[in-house]
Every structure is written in structure tokens, then in C-alpha cells.
Amino acid sequence: MTSQLCRAALLPALIALLFPVALIAQPASGAAFVNTLMPLPASLTARPGSLPINGSFSYAIHGNAGARLSQAAVRFIGRLEMRTGVQLARTPAASGATLSIDVATPASSPYPTLGEDESYTLDIDDHSIALRAKTDVGALHGLETLLQLAQPAGSSFLFPAVHIEDAPRFPWRGLMLDCGRHFLPVDVIDRTLDGMAAVKLNVLHWHLTEDQGFRVESRVFPKLQGLGSNGLYYTQQQISEVITYAAARGIRVVPEFDMPGHSTSWLVGYPELGSAPGPYSVQTVFGIHDAALDPTRESTYKFLDAFLGEMAHLFPDDYMHIGGDESNGKQWAANPHIQAFMRAHGLKTSAELQAYFNTRIEKILARYHKRMVGWDEILSPNLPRDAVIQNWHGTEFLINAARQGHNGIYSHAYYLDHMYSAADVFLADPIPPGSDLTPEQSKLILGGEACMWGEHISPLTIDSRIWPRAAAVAERFWSPASDRDVDDMYRRLAIESIRLDAEGLTHLSYPERALRQLAGAEDDGALALFASTLQPVDFSERYREQHTTQLTPLDQLVDAVHPDPPLRHQLELLVNAALNSDKDPGDKDALDQLQTIFRYWVYAAPALESMAVRNPLLQLETNRISQWPKLGQIGLDAITYLRSGNAPPAGWQAEQTAFIQEAAKPQELVDFVVLTQLQKLVDAAASTKPHPGQ
Ligand code: ACM
């Protein structure tokens, strides 16, 4: 094959990579139920039969469920139409509806609240669907499940007959969005809320203030956003619209105003709040800055009282996050007035001064009927019991918080910018294994939050950083603790990922667009294949290599490749099957598929190299591009030895291992995701025993 290699030639390999067989296989009419639900429900019984989805499908809502459910039902019908191509009635049926929705209790508030009943049951038979819930929020979850159940089956779509009883394991199932470091327009927030609702996440933790930007309009202190945001902030009108949009999907919005650190942007307009005189300007550099609010002045609390009062009115949720992370105490140590205050109050360390500050803020929030949430730095012996601790350091902070009687939210394992695999985040449980918490203490852990920090994302790239991995996190928060089958999770995740992108998220579609742009042509086959073997380096490595700031363009290959791309787990499955020791030389089909994949890396390399000659952005990947075909060749050679039963020559294993280890070193902002499996093949090939008679 030549460098003229085109997308058509690559198509078989791309199809194999992007659409594993399990995905293409759909149940034929009457075939066994195939579960594609994400998150898995608490209990599901598949029954014989199915309900066809055709133009006579209709729905009705019984009971006084309110506007939120009526609107959700209309959206459901529209989404079902888009999925099936069947035109459906958009108004409720007067009688004899196919889908009947029953809600026991009318909604008491237009805004969801922590701990309200989110359960539902769903019964589908050949003729009808019954969705029953105690609250309208439960019914919203049931509608999402129903939509995921819609499946193509030969000449029509159908709902399989099932009985589902479902309720979440944890009441706090969140996603944190950092809009401080890179501003995210409202349409990005809205589509993220759609994705959250689809997988039953129910808290948007909105990180609104940072050293790099103050993103919320204050009418009381307009210089906050006026001077602290470079014009990029949400008006109060927009905030209210987002809260309404979220509430319509059963999602609470918990705002975070980070203090006393991470507060440079507050001080641009109001330097008198700071612990050093200033002047201050909005930061573009990331990391921990020294700027901190002055916790010793009564004027600081007067200001915060007025500001938090304004925000308490704007954000209806019962919880408000005050950050509290990474306050380095440097300005406090350098300020004689603050040092004198600490001596006078017997506060020996900056942590003790911060604890004093937290106690004052907690009192302010309590007056506004808000419970305080903070990152785990706020945990201290005197912290009022009502405060909720969000863990981001090791799980010991969550455990200590629960032992001290605090509610907790687990996030440490769900930092999406650390590029953990979907398997990693799925298996990490909010109740720390082996923590010896009593059942009462364990109950204090409300759930968890996936965290999307903003250093390395733009409105274009953020979806591919959040999705589909956040769906795996959502399943951990919703489904029973016993749900730990990683292979099955990946099977369903691949399907849910496509559904989410089809509904408006861009985690699949934007990277394709970015690769086309990098390839400089519609034919990006070789680059797409190369990209399928890569993921972004993790947060710290990217910072170390790139020194990323708010001004760095996010348009390199690293921004177009997926964290934990599907190929990583697919190779694991294929290599496991190929090396299945019951057979010799293992599963032949798996070996054939691996060979096809590796061959295409070798074949596509010249096309990739000629693309790189034309594009300076691809020249940033020179080493990775040259390593790639060699990795393919290592795979091909290993397969040849495995197939032939001939052991490789002395030194072969060491030489390939050295190359794989070299390729494992972080560089050029992207990591290969294929090395562990290549090493397994190399080791297996090296231990090949000659067949008898050879
Ligand atoms: C944090 O990651 N600084 C909470």
C-alpha cells in the first residue's frame, strides 16, 4: 500500500476499531433482550415479547404531576422520533394511551432537592407501558430509561418487554464544571445538562469564580464581573435560565464561589478585600496563586454577607460551595496586621486562620438557609457539623469527615483531567473499601462528583473530556455496588456514547472535525487511525510539557484525541482472547483481528508522514508518528511467532520491550494506549514453545 492510502482502504480497519461486533449486532424481532441501559437499573427482569414503536404510539400522564413532567414527556416524544424516524403524537391521548405515566405526589417545588424520592418502576408488555413514580423526578428518570430501551429490530423499532424497579444508590450524583479558567457559553452548559439527565446525574456543581475569571454577574458589586472577567460572565438572567433548564431535567445547581484562595479575580475590582494591597489583574497563568481574601477585617465579612445574600437569592438550591482549596497562606504570613490578629486570637497557623474564616462564612450561609460545602481543606475540628466535605485528596479525608459526623462527597477518583480510564472511574466506589466506617457513618457519604477542571479545555473540546467517561461515573453513583463487570460496562458505554453524541453532545463529532482540520483534507483516514491509538497525557504532564495558560490555543492533536479511546479496551479483549491458554495458539479470530489492526498501522504510516510534512501542528508529533508503525510491526512479529510456534531469536524480547518502554515515556502531549497489550503479546511470543518435531 502506498501513501495514497485513502479512507476507503482504511474503512475495514476503522469499522473494526470503532464499531465492535457486539455493537453492530442488534436484536432481531423476537430475539433475546439485549441490555443497553446506562446506568444499570437496581433490578430488571426481561420478559417475552415486545412493543413495536409505530405511529399509533401515544402517552398520557395521570395524577397532578405538573409542568415539569408534561414538558419532559413532549421532549421524550421528540427524542423518540429522532431515534426511530416514526412520527408520533405530541399531545397526550385522551384515553387508551400506550404509555401511561403515574406520579403519586405532586411536585412541591419547581426545583429538585437533595434526597427526594427518585425511584420509579417500568412495566412493558406487548401492548402497553406503565411508568410509575412517587415524584415527577422519578418519572423523568423512568423516561430516560425507556428511551434507552428503544431498539431497532429488523423492519421496526421496539421496546422490549421488561419489568424494572429502580432507585439510585446515592442521592448526590454530580458533575463539576470549572467555568473560571475557560469560560463556557450557556449552550455548552445546556448540552452538558442534557447529557447528565440522560445518565441520571442530578447535581451541576458550577465552579464560577477563579483567579482567571469571575463568571457571575453581581448587581450589588458590579466590579466583580465588570473588572474580573474580561467580559466573559453569566448574567443573572442567564444563570436563572440555566437553573430552570437544569430543574426541568431533575438537576440541582450548586454554585461554587472559591474563597479565601483562588480569588484574584475578586480583587481586581475590590482590592480592599485582599491580604496584600494590590493592584491585581485577572490571571492567565494557572496554578496556585498567593491572592487571598483578608479574613481578619470585618469589612470582608460585610462584603461577603451582601454578596452571598445576593447569590443565595439567585441560586435556589439548599447548598452553596465555598471552595476553600489551595489557599497557600503566603499573603497572610507577609501581612503584619493579619499576623497580629492571629496572635490576638490564638491562631497559630494559616490553616487555623482559614478555619476561623470558614466558621464565619458558615454562619452567614446559615442565615440565608444554605448549607456550606467545601473542598476537604475546610475540614477542621471546629467546623460546624452541618458543613459538607467534598473530598479531592486521598479518601482518608472523606473517612475522617464521616467519622467527625460530616456529610461527604467523593471526587478524588473522578478527576476527568487525570485521564483515568472509564474502567478506573467505574470501579472507584464512593464508600472507600476497607474504611471500617460504621453503617451510620457510611450513610453520611452522599455520593460523588466527576470533576472537569478547566485548564485544558475549551468549549469545543470539553465534551470529549467529559463524555462518555462521565456516564461510567454516573453508573457507579446510581447502580448497585455489586455492578462491577467492566467488559459489560464498556459494551454499554460504547452504545450510550453514540446516543449522547446524537442528542447534541460533541464528544465524538468534534474530534472528527478537529482531525479533518489537522489532516488538511476530508480524507483523514490515516490520522484517525493513528489518533485511535492515543490519548491525551494527564493533567500534570500536559502542564509540565506545555506550560499551558488561559491564552494557549487548544488546537493540537492532544485536543483531538479521546481519553481512554475504545481501542484500549478492545485490544485488551482481543489479546486476552488470542492468548487464551486453553487453546494453542489461542483464539484464531482474535489473532486475525489483531493482525489486521497492526497491519493498518504499518500501512497507514506513510500517509500519516506525508500529512505531517504539510502541517506544522502534526510535526509536533514527530516521535509519536515514527514510533507508531514500529509498534505495529512489533505486534505483527509477535503474532508471526505465536502462529508458527517458533520461538523468537535470543534478544528479540529485550529489544521489543526496550522499544515499548521508550514509547511509554510521556512526550508530545499524547500517550499510546496500546503498549500494555503489545507487551503481553511480546512476552507470550517469547515464551512460545517449539511445536513437537520443529
Ligand atoms: C482542587 O482540585 N483544587 C479542588
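One-based numbering, in listed order, for ligands and for the atoms of each. Throughout, numbering of the chain's residues begins at 1 and tracks the sequence. This is a predicted model, so every value here is computed, not measured. Atoms considered below: every heavy atom in the structure, side chains included; atoms not considered: hydrogens, waters and symmetry mates.
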Requested in this report: Say whether, by atom type as modelled, one donor and one acceptor occur between the side chain of D211 and the main chain of S263 under 3.5 angstrom.
Outcome: yes

Report task. Indicate yes or no: does an N/O atom of D325 lie under 3.5 Å from an N/O atom of ligand 1? Result -> yes

Query raised in the report: Can you list the ligand 1 atoms lying under 4.0 Å from a non-hydrogen atom of E326?
Result: 3 (N)

Query raised in the report: Can a salt bridge be assigned to the pair K665 and E541 using a cut-off of 4.0 Å between side-chain N and carboxylate O?
Result: no

Requested in this report: Determine, for W206 and R215, whether the Lys NZ or Arg CZ falls below 6.0 Å from the six-membered ring centre while staying within 45 degrees of the axis.
Outcome: no

**Report entry** Subset of ligand 1 atoms that lie under 4.0 Å from at least one heavy atom of Y415
**Finding:** 1 (C), 2 (O), 4 (C)

Requested in this report: State whether R542 and D559 are salt-bridged, where the test is any N-O pair (Lys NZ or Arg NE/NH1/NH2 against Asp/Glu carboxylate O) under 4.0 Å.
Outcome: yes

